[in-house]
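Along the sequence shown, residues carry numbers from 1. Everything numeric here is computed off the predicted structure, so don't read it as measured data. No hydrogens, no waters, no symmetry mates; every other heavy atom, side chains included, goes into these values.
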Amino acid sequence: MIAKNLQRLRKISGQTQEETAERLGVTRQAVAKWENGESLPDLKCFLKIAQLYHVTLDDLVNYDEDKMCLSIPPKGKHSFGTVTVGSGGEIRIPEKAMEIFHIQPGDNILILGDEASGLAMVHQKYAAELFGNAYVGDKL
């Protein structure tokens, strides 16, 4: 998984192995070995790689593109996988999303929609920041 992530991020950034090696202060052969799964960068280099590609260290090491059906998101952005919509329209917010965004049972979530782009969810406490005074009310 790590080797695949390293190679994928390098290709997305449009860099050659030589360019990546230069930016990280290592040899092209080291980058090739990482991408082939023959060896791993040391921790200091992992941190540099995460900074270079603007991803979290956790995603760099653990992200499974095949499982998530998306490439590694930039730092601060998240992909939580898919959820199944129940017969009544209900969805279950993934536990990791609830933890990161401090969502508690009973919280109100604002559902936004754009026919061209799809749906988005925003915690109600952030609605005023997004819409200014246009959004008023305690209930959705």
Side-chain angles (χ1 to χ4, degrees):
M1 188 171 2
I2 294 171
K4 187 175 183 177
N5 289 344
L6 292 169
Q7 184 178 64
R8 179 82 170 130
L9 287 166
R10 179 183 56 77
K11 288 181 177 181
I12 288 171
S13 72
Q15 296 177 32
T16 64
Q17 287 181 341
E18 185 71 39
E19 291 167 329
T20 297
E22 199 173 294
R23 289 190 169 121
L24 296 172
V26 298
T27 65
R28 185 204 57 78
Q29 290 83 359
V31 173
K33 285 182 178 182
W34 300 339
E35 291 183 3
N36 290 328
E38 296 174 31
S39 67
L40 291 171
D42 63 23
L43 183 56
K44 191 174 181 180
C45 205
F46 262 125
L47 293 170
K48 283 183 182 180
I49 294 166
Q51 290 174 340
L52 176 66
Y53 297 132
H54 308 288
V55 298
T56 66
L57 187 56
D58 183 48
D59 279 344
L60 180 62
V61 174
N62 295 314
Y63 194 85
D64 186 348
E65 186 175 304
D66 294 334
K67 182 180 173 186
M68 301 304 279
C69 301
L70 296 168
S71 42
I72 299 174
K75 191 173 184 177
K77 309 290 182 188
H78 304 274
S79 174
F80 299 104
T82 60
V83 296
T84 301
V85 178
S87 60
E90 66 279 352
I91 61 169
R92 187 176 188 288
I93 299 171
E95 188 175 322
K96 180 107 173 151
M98 291 182 68
E99 178 185 313
I100 289 171
F101 293 101
H102 310 289
I103 299 170
Q104 300 294 318
D107 284 357
N108 288 314
I109 304 295
L110 180 62
I111 306 293
L112 305 171
D114 179 306
E115 291 181 11
S117 302
L119 296 172
M121 298 178 5
V122 179
H123 197 289
Q124 183 182 2
K125 65 185 174 187
Y126 301 116
E129 293 175 30
L130 289 173
F131 303 109
N133 294 332
Y135 180 79
V136 179
D138 296 331
K139 300 289 180 193
L140 299 177

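- Using a 4.5 Å heavy-atom threshold, the side chains of Ile111 and Ile109 count as touching.
- Listed here is the closest heavy atom pair of Ala3 and Gly37: CB-N, 3.7 Å.
- Put simply, Ile91 and Ile100 are part of the same group of oily side chains (I, L, V, M, F, W, Y) that touch within less than 4.5 Å, one to the next.
- Hydrophobic clustering places Leu60 together with Leu40 (ILVMFWY residues linked when any side-chain heavy atoms are closer than 4.5 Å, directly or through intermediates).
- With respect to Asp107, the side chain to side chain contact (heavy atoms under 4.5 Å, CB included) criterion is satisfied by exactly one of Met98, His123, His102: His123.
- In this structure, the side chains of Leu57 and Leu47 come closer than 4.5 Å at one or more pairs of heavy atoms.
- With rounding to the nearest 0.5 angstrom, the CG atom of Leu119 is 9.5 Å from the CG atom of Asp114.
- In plain terms, the two heavy atoms of Arg28 and Ala21 that are nearest each other are N-CB, 3.6 Å.
- No side-chain heavy atom of Val83 sits under 4.5 Å from any side-chain heavy atom of Arg92.
- The distance from atom CD of Glu18 to atom CZ of Arg23, rounded to the nearest 0.5 Å, is 11.5 Å.
- Residue Phe80 comes nearest to Pro94 through the heavy atom pair CB-CG, 3.8 Å, listed as atom of the first residue, atom of the second, then distance.
- When hydrophobic clusters are built by joining Ile, Leu, Val, Met, Phe, Trp and Tyr residues whose side-chain heavy atoms come closer than 4.5 Å, directly or via intermediates, Leu24 is not grouped with Ile12.
- The two residues Lys96 and Asp58 come nearest to each other via the heavy atoms NZ-OD2, 4.5 Å.
- Annotation: salt bridge (Lys or Arg N to Asp or Glu O under 4.0 Å) contacts of Lys4 (sequence neighbours excluded): Asp66.
- Residues forming a salt bridge (Lys or Arg N to Asp or Glu O under 4.0 Å) with Arg8 (at least two apart in sequence, or on another chain): Glu65.
- Put simply, the side chain of Glu90 gets close to the backbone of Gly88: a donor and an acceptor are under 3.5 Å apart.
- Contact of the Trp34 side chain with the Thr20 side chain is not registered, since no non-hydrogen atoms from C-beta on lie closer than 4.5 Å.
- To the nearest 0.5 angstrom, Ile93 atom CD1 is 10.5 Å from Phe101 atom CZ.
- In this structure, Tyr53 OH and Asn5 CG are separated by 11.0 Å, a value rounded to the nearest 0.5 Å.
- Using modelled atom types and a 3.5 Å distance limit, the side chains of Gln15 and Arg10 yield no donor-acceptor pair.
- To the nearest 0.5 Å, atoms CD (Glu95) and CD1 (Ile103) are separated by 12.0 Å.
- Atom CD of Glu19 has more than 12 neighbouring heavy atoms from other residues, nucleotides or ligands inside a 6.0 Å radius.
- Note that CG of Leu9 and CG of Leu52 are 9.0 Å apart. Values are rounded to the nearest 0.5 Å.
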